[in-house]
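Here is the structure we will look at, set down as structure tokens.
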Amino acid sequence: MHPAASTVTASGSGLDRIAAVFAAARASGHRVLAPFVTAGDPDVETSVAVIEAADRAGASLCELGVPYSDPIADGPVIQASYTRALGAGLTLEDVFVVASEAASRVRMPLLAMASYAIIFRRGVVRFVADARAAGLAGLVVPDLPLEEADELDAACREAGLALVRLVTPTTPPARAEAIARASTGFLYCVSVAGVTGARSELPDGLAERVRWLATKTTVPILVGFGIAAPDQVRAVGAVADGAIVGSALVRRVADAIGQPREALLDSVGRFVGDLAAATR
Amino acid sequence: MTDVSIAPRTFDAPRMHGPDGDRPTVSMVPDSLGRFGRFGGRYVPETLSAALDQLEQAYAEASADPAFAAEVDRLLATFVGRATPLHFAERLTRRSGGAQIWLKREDLSHTGAHKINNTIGQALLAIRMGKRRIIAETGAGQHGVATATACSLFGLECVVYMGAEDVRRQAPNVRAMRLMGAEVRPVESGSRTLRDAINEAMRDWMGSVETTHYIIGSVVGPHPFPRIVRDFQSVIGRETIDQCRARFGRLPDTVVACVGGGSNAAGMFFPFVDHVAVRLVGVEAGGRSAAAGQHAASLSHGSPGVLHGSLSYVLQDRDGQTSDVHSVSAGLDYPGVGPEHAYWRDLGRVEYTSVTDAEALDAFDLVARNEGILPALETSHALSWAVAEASRRPAAEIMVVCLSGRGDKDAAEIARLRGLPPDAATT
């Protein structure tokens, strides 16, 4: 069962709801599993159902991918999911519909993973207001480095939303400290230098880096990029507060296109269930 | 917009000059965060931050090192063949019946376009940073060829990403790259053109950044690329100023260049921007029409947005998704533009206009038959506007057009567009 089911509610600020997830996990000695789901892939209703299936299967947080035409941080699997969603006519309004529909049906907080191109176009303040109204608990902006983030950071703080920052293997120590201090909600530790995509092994030095980062920040640390299997989730859980699984799940959605929705949701549920079991 | 930022002293390029001494001028950009007014900046994944910092540092050190400038100048002279001539287009001028049309002959550079000014400089920077693998994107293939050339010259590994559509329409350049030992990787995603090639080059760089330098080919991308490319290309404008002073005893009245990402225009315009009496005109790709998706005129029809790491004018939909664009010219077929052009546009310092596919093709024919020069289709956009405008200006005026590249690469595509066999470019 969901470890935080009894304590997480939809009320409170986004930051509070995310903090409650980690508090509950720590209280029960579990790690956090955060699946990534592309909004609108393959369509709005199915992506909401995928989020529900992941929630039922034991996920604790959800990253909602906002499709973008030129995602330079993403590998072929997530890029293809964005292309599918946009090709089917998905708009940003539809993304917020996915968020609000899902937020009303699941216990886990949702964070939007969005390119700054999308946020800038809408206007920083308006995007944050829309995100909050849609029930999102925070934002992850993979192409917004520390130096460019002040305006969005202020808007998120005002709205009580998390602005999750990313640290990568190429980030020098002093910079990593500054990023870790700035991050709210949790810190996203990118496991490898490269784009998103499933990999079979965890890189050398990851455990050491996560342990060092943990001494530099008070927020929890999740590890993402390349995590695709329960073994990896378990290994990450030995040092971090949890794992983010993206491409491996998006691929399951892609593989099930054309099949009945029940088969897709069953596949997602079993996959997330196996991963979630590795957090306990 | 009146936000004129002052670049920090330590990052000034050695030969950057303005006529107003220490007063803030149009040329005193970018600031330390790579801002040209509100444009520019660095919107990239954190994985690339350290490499961009390293590049900024290496460029600052190189700029302060007289030996670096001397090496660049030596290679530009003996390898590239600079200075390129300023040539009087006598028959074009007579036909126009107005202002004198002078051509800055970048097409006479080694590899046939201005692109090599930048690749020589950036390859030397890569070597200073200890990086022996080079990646690049290319649209028309001119930047790809110039990168492959620099890599052959210096013994560097070279991978060039090129949209599959462009691989088809610029086949001669693909052959040239491969002959010089570069690996050309066709990009099948998206519109299969320059924009997608940049995406793939960025993705390669995400995973290879510690051993690889990305030689971006235009004044686009995250800070410090727009500034570095502009500085290396500014040799075009500096030479033009010297040549005009020697030939006419004064600066030209009008300077014209085509604008896709905007590197030849930035290199031509930058030394002129503080000389406010000189009219500067950038010519974008008007494509088939002004309808969305039918052109690539970002400054004429776009809006501020983030693309490929910087804030500039972008052709995009209401959600910020990049629009599909069209130009007959692969080198201008790009939905964004360098942030300094966006800055100059909003300041009103440079005028930006556009020319259609058909007008550019007409200018190609006109110049081919009257001046003994096959201009690149990119350049043909600038020539089209220049010829039309010259006819409206008095004969005492001097107009300089940046003849950014040669058009041999376009001959087969022009034949195809006219329904002719590839070996018959015209009838």
Side-chain angles (χ1 to χ4, degrees), chain A residues 66-76 79-80 82-83 85-87 90-96 114-123 127 141-150 165-176 179 188-190 192-197 199 225, chain B residues 31-35 38 40-54 188-191 195-212 214 221-223 303-312 314-324 335-336:
Chain A
V66 180
Y68 173 49
S69 54
D70 296 80
I72 56 176
D74 284 304
Q79 186 193 2
Y82 285 0
T83 303
L86 293 173
L90 187 85
T91 66
L92 187 53
E93 299 303 330
D94 296 330
V95 173
F96 288 128
S115 167
Y116 195 65
I118 304 293
I119 296 170
F120 177 86
R121 177 64 164 163
R122 191 139 186 114
F127 186 96
V141 189
D143 54 0
L144 190 70
L146 199 57
E147 293 77 5
E148 306 285 2
D150 288 354
R165 314 302 181 100
L166 297 91
V167 172
T168 74
T170 59
T171 309
R175 184 177 172 83
I179 293 171
Y188 193 137
C189 178
V190 176
V192 292
V195 295
T196 56
R199 292 166 177 85
F225 279 43
Chain B
D31 67 10
S32 61
L33 291 175
R35 290 280 166 190
R38 66 174 165 148
R42 184 185 284 179
Y43 300 93
V44 292
E46 172 59 23
T47 296
L48 300 180
S49 287
L52 293 168
D53 283 343
Q54 180 195 21
E188 300 283 356
S189 58
S191 56
R195 155 193 166 197
D196 311 288
I198 295 178
N199 287 338
E200 281 310 311
M202 290 266 187
R203 290 186 186 113
D204 179 313
W205 208 29
M206 288 279 288
S208 64
V209 64
E210 286 167 294
T211 58
T212 297
Y214 177 17
H223 175 62
S303 50
V306 173
L307 177 65
H308 293 146
S310 66
L311 173 56
S312 186
V314 178
L315 292 165
Q316 57 186 334
D317 72 7
R318 61 188 292 271
D319 287 347
Q321 309 292 351
T322 312
S323 302
D324 286 337

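Since we're looking at a predicted model, the values are computed, not measured. Below, chains carry the letters A, B, ... as their sequence lines are ordered, and counting in each starts from 1. Computed from heavy atoms alone, side chains included, the values below leave out hydrogens, waters and symmetry copies.
- With a 4.5 Å cut-off on non-hydrogen atoms, Glu210(B) touches chain A through its side chain but not through its backbone.
- Among Val306(B), Thr47(B), Leu33(B), the residue with the largest count of heavy-atom pairs under 4.5 Å with chain A is Thr47(B).
- Although no hydrogens or angles enter the test, the distance criterion places no donor-acceptor pair under 3.5 Å between the side chain of Glu46(B) and the main chain of Thr171(A).
- Put simply, CD on Glu147(A) and OG on Ser49(B) are 6.0 Å apart, with the number rounded to the nearest 0.5 Å.
- For Ile179(A), the part lying under 4.5 angstrom from a heavy atom of chain B is the side chain only.
- Asp70(A) and Thr322(B) share a donor-acceptor pair across their side chains, judged by distance under 3.5 Å alone.
- Proximity to chain B (any heavy atom under 4.5 Å) is shown, for Tyr68(A), by both the backbone and the side chain.
- Proximity of Val195(A) to Met202(B): side-chain heavy atoms (C-beta onward) are nowhere separated by under 4.5 Å.
- At a threshold of 4.5 Å between non-hydrogen side-chain atoms, the residues Ser115(A) and Tyr43(B) do not count as touching.
- In this structure, no portion of Pro76(A) lies under 4.5 Å from any heavy atom of chain B.
- Inter-residue side-chain proximity for Ser69(A) and Gln316(B) is flagged as unmet; no heavy-atom pair is nearer than 4.5 Å.
- Per-residue heavy-atom pair counts under 4.5 Å with chain B were compared for Gly75(A), Pro172(A), Pro71(A), and the maximum is reached by Pro71(A).
- Rounded to the nearest 0.5 Å, atoms CG (Leu146(A)) and CZ (Arg42(B)) are 11.5 Å apart.
- Between chain B and the residues Leu144(A), Val190(A), Leu86(A), Leu166(A), the largest count of heavy-atom pairs under 4.5 Å involves Leu86(A).
- Interface residue Arg175(A): only side-chain heavy atoms are found under 4.5 Å from chain B.
- By number of non-hydrogen pairs under 4.5 angstrom with chain A, the leading residue of Ser189(B), Gly207(B), Ala51(B) is Gly207(B).
- Shown here for Arg121(A) and Ser303(B), the closest heavy-atom pair between the two residues is NH1-OG, 3.0 Å.
- Applying the salt bridge (Lys or Arg N to Asp or Glu O under 4.0 Å) criterion to Arg122(A), with sequence neighbours excluded, gives Glu93(A), Asp130(A).
- Within the 4.5 angstrom heavy-atom criterion, atoms from both the backbone and the side chain of Pro304(B) approach chain A.
- A donor-acceptor contact shorter than 3.5 Å links the side chain of Asp319(B) to the backbone of Leu92(A).
- Counting heavy atoms from C-beta outward, Pro142(A) and Pro45(B) have side chains that stay 4.5 Å or more apart.
- Note: Asp317(B) leads Asp317(B), Asp204(B), Ile198(B), Leu48(B) in heavy-atom pairs under 4.5 Å with chain A.
- Thr91(A) and Arg318(B) are not linked by any side-chain donor-acceptor pair at a separation below 3.5 angstrom, with hydrogens and angles left out of the test.
- Separation of atoms CZ (Arg203(B)) and CD1 (Ile72(A)) is listed at 8.0 Å; rounding is to 0.5 Å.
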